[in-house]
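Just so you know, these numbers use all the heavy atoms, side chains as well, and skip hydrogens, waters and symmetry mates.
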Amino acid sequence: MAFPMTDLAPETELPRSSKLKAALLQHRALSRDGLSERLFGMLFSGLVYPQIWEDPEVDMAAMELGEGHRLVTIGSGGCNMLAYLSRSPGRIDVVDLNPHHVALNRLKLAAFRHLPDHAAVVRMFGMAGMRTNSCNFDRFIAPNLDAESRRYWSGRRLDGRRRITAFNGNFCRTGLLGRFIAAGHLLASLHGVRLDGITRAKTLSEQRRYFDTRVAPLFDKPLVRWITRRKSSLFGLGIPPQQYDELASLSDGNSIAPVLKSRLEKLACDFPVAENWFAWQAFARRYPRPQEGRLPTYLRKENYDAIRANTGRVAVHHASFTELLAGKPAASVDRFVLLDAQDWMSDRQLNALWSEITRTAAPGARVIFRTAAERSVLDGRLSSALLDQWHYLAERSRELGVEDRSAIYGGFHIYERKG
């Protein structure tokens with residue numbers, strides 16, 4: 001005899017099946033997120049940033065960086081660390097968990113110290129197609145480089161060439177970020193758009209016209225919208241899955257395309273292209289030539305002597321920020337530069353980091369960082385016992401965020417130690 005289909009049977013079985021369905025959906029979502037995290041970690045195991053993507057002039061203004069200041073900063077591509085040296089700080093500790101970035105930072109320091117002149121430095125890091133760069137490495141840099149970094153740059157890539165030969169071509173096109181930008185150019189070209197056209201604009205109005213008529217319509221293309229709905233699409237920008245979710249939350253449709261369009265619009269339209277080397281990297285995949293525009297702060301001739309004289313004040317560590325600070329005395333650091341690293345952190349990691357920052361911060365110390373979204377990552381996450389010891393410079397943060405030529409971040413933040 002079959003079980004009678006009474007009203008009670010569906011009511012007792014429905015919650016059970018709904019819970020099972022919800023559990024399966026949650027498992028699938030967690031599996032996708034876990035796969036994204038693993039893919040992101042795998043991609044980040046190599047060279048990511050051939051150049052840093054934060055405006056050092058905004059950094060130095062925010063820090064009010066001066067002679068004798070003691071800094072701790074994340075290394076990334078090393079450009080900003082070198083720019084800071086133009087202000088003659090007392091000491092800079094550079095940290096990075098990526099060994100490729102550690103080797104790059106040490107190479108740049110050695111190049112400033114041992115290449116014969118400013119022109120040789122610019123050929124090494126600011127120009128493409130300089131086939132003598134690997135020879136200059138062998139002659140001037142390698143004999144003066146630490147053994148580990150020398151082995152790294154003399155080591156072979158998959159194509160059999162030494163890693164240092166990347167500087168004979170266009171080093172800015174290497175690394176995860178370089179490949180991401182190349183993919184963006186390919187995607188634009190498939191739709192008949194050459195992104196480097198904007199670098200020929202002579203005025204802001206010409207830049208605006210090019211963006212509105214040629215670049216902006218790309219974000220409405222079905223292929224672009226399909227790609228940007230995938231979290232992995234932004235791994236090349238160094239944006240992990242949790243940062244993607246933050247960015248997507250800024251859009252009504254939970255799509256990343258409008259946010260990317262807005263950030264690219266700032267990069268393309270808010271600053272004269274001749275003065276924005278970040279725009280040249282994004283739209284031309286190189287730095288401007290002397291007659292085209294300004295080089296990054298660390299490559300300008302007026303900063304060369306100070307940077308070269310101060311390279312001995314830098315130590316590069318293969319370590320985390322928290323780990324390095326744990327070994328420092330109390331009140332021994334004046335300035336902290338976190339880039340956007342906190343966007344990746346759990347609450348536990350964030351509180352551990354700020355516990356060490358607060359302990360090692362000298363009176364009046366400043367912390368600067370960027371976030372993918374507009375609001376500070378500390379809001380609602382850092383314990384009040386730590387946060388109450390810092391003053392948030394909200395107005396100055398907003399002012400300098402507007403001036404940040406790198407343009408890809410939603411927020412720029414400055415905190416100052418009370419007392």
Undergrad: Before you tell me yes or no, could you show the steps for E148 and R151 under salt bridge (Lys or Arg N to Asp or Glu O under 4.0 Å), namely the whole-Å CA-CA distance, both residues' side-chain angles and the distance that decides it to 0.1 Å?
TA: CA-CA 5 Å; E148 184 178 1; R151 281 195 300 272; 5.6 Å; no

Undergrad: Between N303 and A83 (side chain of the first, backbone of the second, donor and acceptor by atom type, cut-off under 3.5 Å), is there such a pair?
TA: no

Undergrad: Between L145 and F137, is there a side-chain heavy-atom distance shorter than 4.5 Å?
TA: yes

Undergrad: Kindly compute the distance separating CG (N133) from CE (M124), expressed to the nearest 0.5 Å.
TA: 5.0 Å

Undergrad: Any side-chain heavy atom of T371 sitting closer than 4.5 Å to one from S376?
TA: no

Undergrad: Angle between ring planes, F112 versus Y298, binned at 30° and 60°: parallel, tilted or perpendicular?
TA: tilted

Undergrad: May I have the step-by-step check of side-chain contact (heavy atoms from CB on, under 4.5 Å) for V72 and I357, ending in yes or no?
TA: CA-CA 10 Å; V72 179; I357 288 175; over 6 Å; no

Undergrad: Kindly say whether I414 contributes a backbone atom to a donor-acceptor pair with the side chain of R366 at under 3.5 angstrom?
TA: no

Undergrad: Kindly compute the distance separating OG (S406) from CZ (F278), expressed to the nearest 0.5 Å.
TA: 5.0 Å

Undergrad: Quick check: does any side chain N or O of Q207 sit under 3.5 Å from a backbone N or O of A268, one acting as donor and the other as acceptor?
TA: yes

Undergrad: Do F336 and F369 have their ring centres less than 6.0 Å from each other?
TA: no

Undergrad: Are E275 and R405 close enough for a salt bridge, meaning some N to O gap below 4.0 Å?
TA: no

Undergrad: For R139, I'd like to know if atom CZ has over 12 heavy atoms of other residues, nucleotides or ligands within 6.0 Å.
TA: no

Undergrad: Do the non-hydrogen side-chain atoms of R156 and R162 ever get within less than 4.5 Å of each other?
TA: yes

Undergrad: Does the pair R398/E395 count as a salt bridge with the N-to-O cut at 4.0 Å?
TA: no

Undergrad: Do the side chains of L260 and T228 get nearer than 4.5 Å, heavy atoms only?
TA: yes

Undergrad: I want to check something: taking the side chain as every heavy atom from C-beta on, are C79 and K108 in contact at a cut-off of under 4.5 Å?
TA: yes

Undergrad: Compare every heavy atom of W390 with every heavy atom of A365, then report the nearest pair and how far apart it is.
TA: O-CZ3, 3.6 Å

Undergrad: CZ of R214 to CG of L195: how many Å apart, nearest 0.5 Å?
TA: 9.5 Å

Undergrad: Keeping the roles fixed (side chain from D93, backbone from H317), state whether a donor-acceptor pair exists under 3.5 Å.
TA: no

Undergrad: Take a 6.0 Å sphere around NZ of K301 and say whether it holds more than 12 heavy atoms from other residues, nucleotides or ligands.
TA: no

Undergrad: Under 3.5 Å, is there a donor-acceptor pair between the side chain of W277 and the main chain of P288?
TA: no

Undergrad: Are Q342 and W354 close enough that a side-chain donor and a side-chain acceptor fall under 3.5 Å?
TA: yes

Undergrad: Do you know the tightest heavy-atom contact between A284 and R173?
TA: O-NH2, 3.9 Å

Undergrad: Can R209 and E206 be counted as an ion pair, charged N to O under 4.0 angstrom?
TA: no

Undergrad: Scan H318, H101, H100 and name whichever one has a ring-ring contact (aromatic ring centres under 6.0 Å, His included) with Y152.
TA: H100

Undergrad: Under the side-chain contact (heavy atoms from CB on, under 4.5 Å) rule, what do W53 and L339 come out as? Steps first, then yes or no, please.
TA: CA-CA 9 Å; W53 209 268; L339 306 186; over 6 Å; no

Undergrad: State yes or no: are the ring centers of F167 and F125 separated by less than 6.0 Å?
TA: yes

Undergrad: Determine the minimum heavy-atom distance between A257 and F219, stating which atoms define it.
TA: O-CD2, 3.7 Å

Undergrad: Could you tell me whether K328 atom NZ has more than 12 heavy atoms of other residues or ligands within 6.0 Å of it?
TA: yes

Undergrad: With distance as the sole test, does N170 use its side chain to make a donor-acceptor pair with the main-chain N or O of R285 at under 3.5 Å?
TA: yes

Undergrad: Please report the interatomic distance CG(D138) to OG1(T132), rounded to the nearest 0.5 Å.
TA: 11.5 Å

Undergrad: Say you draw a straight line from OG1 of T165 to CH2 of W153; how long is it, rounded to the nearest 0.5 Å?
TA: 10.0 Å

Undergrad: Is there a donor in the side chain of D146 and an acceptor in the side chain of S149, or the other way round, less than 3.5 Å apart?
TA: yes

Undergrad: Strictly distance-based, threshold 3.5 Å: is any side-chain N or O of R335 a donor or acceptor partner for the main-chain N or O of M63?
TA: yes

Undergrad: Looking only at side-chain N and O atoms, does S320 offer a donor or acceptor that is under 3.5 Å from a partner on T322?
TA: no

Undergrad: Go through it in stages, so that I can follow the logic: the residues are D404 and L400, the test is side-chain contact (heavy atoms from CB on, under 4.5 Å), and I'd like the CA-CA distance, side-chain angles, deciding distance and then a yes or no.
TA: CA-CA 6 Å; D404 193 343; L400 290 174; over 6 Å; no

Undergrad: First locate atom CD1 of I52, then atom CG of D59, and finally report the distance between them rounded to the nearest 0.5 Å.
TA: 7.5 Å

Undergrad: Is it the case that the side chain of S355 and the backbone of A352 share a donor-acceptor pair, with hydrogens and angles ignored and the cut-off at 3.5 Å?
TA: no

Undergrad: Determine whether F171 and L47 make a side-chain contact, defined as any pair of heavy atoms from C-beta on separated by less than 4.5 Å.
TA: yes

Undergrad: In terms of side-chain heavy atoms, does D96 have a donor or acceptor partner in N105 at a distance below 3.5 Å?
TA: no

Undergrad: Does Q349 use its side chain to pair, donor to acceptor, with the backbone of S346 at less than 3.5 Å?
TA: yes

Undergrad: Ignoring hydrogens, what is the shortest heavy-atom contact between L85 and L109? Give both atom names and the distance.
TA: CD1-CD2, 4.3 Å

Undergrad: Using a 4.5 Å cut-off on heavy atoms from C-beta on, say whether the side chain of L204 contacts that of C269.
TA: no

Undergrad: How close do V215 and L264 get, counting heavy atoms only, and between which atoms?
TA: CG1-CD2, 3.8 Å

Undergrad: Please determine if D340 and R370 form a salt bridge, counting it only when a charged side-chain N lies under 4.0 Å from a carboxylate O.
TA: no

Undergrad: Answer yes or no: is there an ion pair linking E292 with R286, defined by an N-O contact shorter than 4.0 Å?
TA: yes

Undergrad: Keeping H185 on the side-chain end and A282 on the backbone end, is there a donor-acceptor pair under 3.5 Å?
TA: yes

Undergrad: What is the minimum heavy-atom distance between D55 and E403, and which atoms define it?
TA: OD2-O, 3.9 Å

Undergrad: How about R113 and N144: do any of their side-chain heavy atoms sit closer than 4.5 Å?
TA: no

Undergrad: Show the numbers, then the answer: is there a side-chain contact (heavy atoms from CB on, under 4.5 Å) between Y84 and V94?
TA: CA-CA 12 Å; Y84 302 157; V94 177; over 6 Å; no

